[in-house]
Structure formats: C-alpha cells, structure tokens
There are 2 protein chains.
Amino acid sequence: MALDNPTLQKPVTTADKVFDAILHAIVDGKIAAGSKISEPGLAKQYEISRSTLREALNRLEKCHLIERKANVGSRVVDCTIEGLLEIYVVREALEGMACREAAINMSDDEIAEMQDMLAQHANSQALIDGISYYQEEGDLDFHYKVILGSHNQQLINILCGQLYHLVRMYRIQFGMHSPRATRAFQEHSNIIQAICDRDGELAEILMRRHIAASRKNIEKKIALQNSTAA
Amino acid sequence: MALDNPTLQKPVTTADKVFDAILHAIVDGKIAAGSKISEPGLAKQYEISRSTLREALNRLEKCHLIERKANVGSRVVDCTIEGLLEIYVVREALEGMACREAAINMSDDEIAEMQDMLAQHANSQALIDGISYYQEEGDLDFHYKVILGSHNQQLINILCGQLYHLVRMYRIQFGMHSPRATRAFQEHSNIIQAICDRDGELAEILMRRHIAASRKNIEKKIALQNSTAA
DNA sequence: CAAAGTATAATTGTCGACAATTCAATCGTT
DNA sequence: AACGATTGAATTGTCGACAATTATACTTTG
C-alpha cells in the first residue's frame, strides 16, 4: 500500500476529487495515452460543469500528464521511449541531489523509519518469491522517503508533485517489472547506509548509479525488443 | 535584451496576456511578495472576468509564483533566504545535468552560436566597465542556451518554464548584482570549452561548481549581513 | 476525380450569477 | 476586560450560457 500522494493534501473541493479520478484514469491507462480530451464529454461523464473540469485539467497539466494548445484542446501525453529516457535523466539529477540533501537533513528518527521500511521489505513475501511487488510498490516508497528526507520543498514539489505521476504512468503502461528486484534492494540498502553515515557525497553517487542502472536496463530491453522485431 | 521566455509560445488568448502581465508584475515586485491576491480586485484591474483571471492564476501557480489554498485564496510566494538556497540546490542538480546533456546533444551550429554570444559579451561595454549588466542579463542568456542545448524537454520545461521565473524574481527583489561578473564570465568560458570538447562529465562538474559558487557567494553575503546587523 | 472554398457543426474561451465557505465585527457571557 | 459565539459581509467554488475559434462535411470548380 504505497502512498500515491506523498504530499497528502486531501481533496476538499470537487475539482480536487475529479482531478484525482482523472489522474488515476490516465496513469492506469483507462484514458489512453495520446488521446484527445473532450471537455464536454468528460464533464458529462463526471457530472460536473465544464468550469470545474477545466480546473481539474489545469492541475493535470501541472503534472505534465496532459498538454493544452490554445483554441485546440487538451491531449493526454503519449508514452514514448524518448520521453521515458528524458525522465530518467531528470530523476538521476534530482534524486541524486535529494539523496545528498537527505544525508544532511534527515532526522535520526526519519532514518530509523526508513531502515524499518527496508527491513519490512526484506521480509516481504513478494521479495522472497522474487516477484515484482517490490519493484512496483516498495521501490516507490523508498524513493519517496528519500525525496521527502531532503527537506527541500522545491525538490519535493517537482519530484513528488509532478514527475512521479509520469513515472507511475510509464511503469504501468510499459509494464515495467524487471528482474532487478533483489539487486535494487541491495542498492537501496547501500544508499540508506550512506545516508545513515551522513555521507552526502556517496549517497548522491549511489543514488545516481541506482537510477542510471534502471535506465540502462530499459535501454537494453528496448534494444533487445528492436533487434527481435527486426 | 535577454529573452525572458525562451520557450517563446506567444500569448494568443487574453488569459495568456494577463498571465504575462501579472507574471512581470510579480517578478518585478509591483505585486508584493507574500501578499494576498484578490480575485475580484485583479479581475477588475485588468478588466476581465474572474474565470479568465483564474485561468491566468493557474498558470502562475504552475510557475510556483503563487500558492493556492482551497476556499482561502492565492498568495504570492514570499522570498526567503531558505527558499533561495533551495532553488540553488535544484539548479545545481538540474543545470549540471543539462550541461552534461548539452555536451552530448548540442549541434555544432548551436555551439558556435553560443561561442559568438560569449564573444559578444566579452566586448560589451558593461562587462569592461565591471558593471552588473553581465550578471543580470548575459548570465541568464548563457544559462538558457545551455538548458535548451540539452534537448531534453523535461529539463527545459522545469528550468525555463518554472524555476527561472523564480530565479529572476529573487534576483530583482534581493538586488543580486554581485561583483562576480568577470569571474563568472571566465567560468562560462570554461563550460563552453568543455561542451565544445564534448566532455559531458567535465561540463557537468564545471556547471555545478559555477552554480555552487554563486550559492556560496550569497550565503557569505547573508552571513555578513547578519553579523553587521547583530 | 482531385482540390480548393464555403457553410455548418462542434469545441474552446470568456462572461456574469448563484451557492458554499471563510473572514470580520459585533454582541453577550464569565 | 477578555474570551467565545453569532451574525453579516466578503471571497472562493461552481454553474450554465454566449462569443470566438477551429474542425468537419459538402459543394463547386478545374
């Protein structure tokens, strides 16, 4: 049960709720990537006014989940390999820095909490079975914790508020549950150790390598896919 | 004459124009940082409907220039030292990576163009006079060029579309024209050289140091300010 | 038959009004 | 006099309708 909204600002207005609903629909692929969004259609579907819907669409645009052109309309972003790799580049830079800052700014309690989480993941049946649960849920939990541990509001906003919605969208729509589970777990463990040692420099390097490894894994997969297809 | 909108999507709708107007007003401090925004007031001032104003406000929120709370309203972000330092941390990470990618992805023409710009800055009267023109305008031009040179749309969006509005706001409101002009110029020159050599690793390191130097310069200034005030 | 122009239909942008919530001032109580 | 509750005013959220722009289908022409 990973929190999919670590900033936990509960939806109070109806636009908030519709935003949440459409967000999940897009991330889960129920609204197809690249498809055009019909304002009258969606408004009727959710039984709200167009004004309220547009309010929700504006927030989706903030997450880079939809793109709007003036006098033309909104489209769901489409998932491309290039787009995915671009995100990994940004993640490598930002999460690396977040990890460095986390090593500096996290409280001892926060670190202990993160260690507990890792221990829990270690014991989880899914990891023992080598299944992809860890990849899909535990991995995000870990990364969220590190990001929040940076105590840098800008980093938190960009990563948790914007980029990670896209990350989850790609994960689901590209079906990314690679067999990196046990290895990624070891890398997480090393990163936490660096944070625990308050070694920001090492923590950043390890996190960057961790993310770069994921990216390269995907690149390899894609290359393989292309070679077999050709 | 630095472009203050490198993504150059011209305002077509009235909400776009109002967004531009309010953006400049906030960045220039004509609308005070931290002040509350009155929707009826601003709507009347710009002679538009509240719906159109809210559309503009949503885009300002995307730039992190205003913050909204449900059923309460919008406030202009306030400029704090902590906030400024947070931005520098993000810039160090993102622009460092952008610089690395620029060394890989920039075309020869783009590099030549950037070299021309630097040469032009070298000859500019303002730099010779040791005045702060370079800091305020040429510096931004340089950083924009590098960011765009990354050819990474995510990086471009985050940096040019969001963060740099805040950067300009802080520069103006904190009156940041430090005597780092000639030194910064030399650093820019070295960075371009690394990009020209297609040395992404070095380019990233140099850019990170360049930004970190600015941050430390500010921290020093603040420390000095505090010591004299006490 | 293809291509361009035009007219129609659909969609987006903008507006003003009403409902719901929050803020402010007044009044009453201890 | 200070604190809390209540009432009124102001602000935000939501709605439906109209205007402006764009997309579509049809007609006309070469």
For [X], I'd like to know if atom [atom1] has over 12 heavy atoms of other residues, nucleotides or ligands within 6.0 Å.
| X | atom1 | result |
| --- | --- | --- |
| A/Q120 | CD | no |
| B/K36 | NZ | yes |
| B/E219 | CD | yes |

[X] has an atom [atom1]; how far is it from atom [atom2] of [N], in whole Å?
| X | N | atom1 | atom2 | result |
| --- | --- | --- | --- | --- |
| A/K36 | D/dT24 | NZ | P | 10 Å |
| B/E39 | C/dC15 | CD | P | 14 Å |
| A/E55 | C/dG13 | CD | P | 14 Å |
| A/L42 | C/dT12 | CG | C1' | 14 Å |
| B/L53 | D/dT11 | CG | P | 13 Å |
| A/I66 | C/dT12 | CD1 | P | 11 Å |

Looking across every strand, which nucleic acid part, if any, lies under 4.0 Å from [X] by heavy atom: base, sugar-phosphate, or nothing?
| X | value |
| --- | --- |
| B/I37 | sugar-phosphate |
| B/T14 | sugar-phosphate |
| A/L57 | nothing |

Counting side-chain heavy atoms from C-beta on, which of C/dT11, D/dG13, D/dT12 comes nearest to B/P40?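 Nearest listed nucleotide: D/dT12.
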
Protein and nucleotides 16-24 of chain C: nitrogen or oxygen contacts under 3.5 angstrom:
| unit_1 | atom_1 | unit_2 | atom_2 | d |
| --- | --- | --- | --- | --- |
| C/dG16 | O6 | B/S51 | OG | 3.4 |

Looking at [X], does any N or O in its side chain come under 4.0 Å of the phosphate oxygens OP1/OP2 on [N]?
| X | N | result |
| --- | --- | --- |
| A/R54 | C/dT12 | no |
| A/K44 | C/dT11 | no |
| B/T52 | C/dC15 | yes |

One thing to verify: whether [Y] and [X] come together as a salt bridge, which I'm taking to mean a side-chain N less than 4.0 angstrom from a carboxylate O.
| X | Y | value |
| --- | --- | --- |
| A/E95 | A/R215 | no |
| A/R50 | A/E39 | yes |
| A/E67 | A/R75 | no |

Before giving the answer on ring-ring contact (aromatic ring centres under 6.0 Å, His included), spell out for B/H210 and B/H143 the whole-Å C-alpha distance, their side-chain angles and the decisive distance to 0.1 Å. CA-CA 11 Å; B/H210 173 58; B/H143 284 272; 5.2 Å; yes

B/E55 and B/F19, any side-chain heavy atoms less than 4.5 Å apart: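 They are not in side-chain contact.
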
Are the side chains of B/H151 and B/E110 in contact, using a 4.5 Å heavy-atom criterion?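 Of all side-chain heavy-atom pairs linking B/H151 with B/E110, at least one is under 4.5 Å.
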
All N/O contacts under 3.5 Å from nucleotides 8-10 of chain D to the protein, with atom names and distances to one decimal?
none

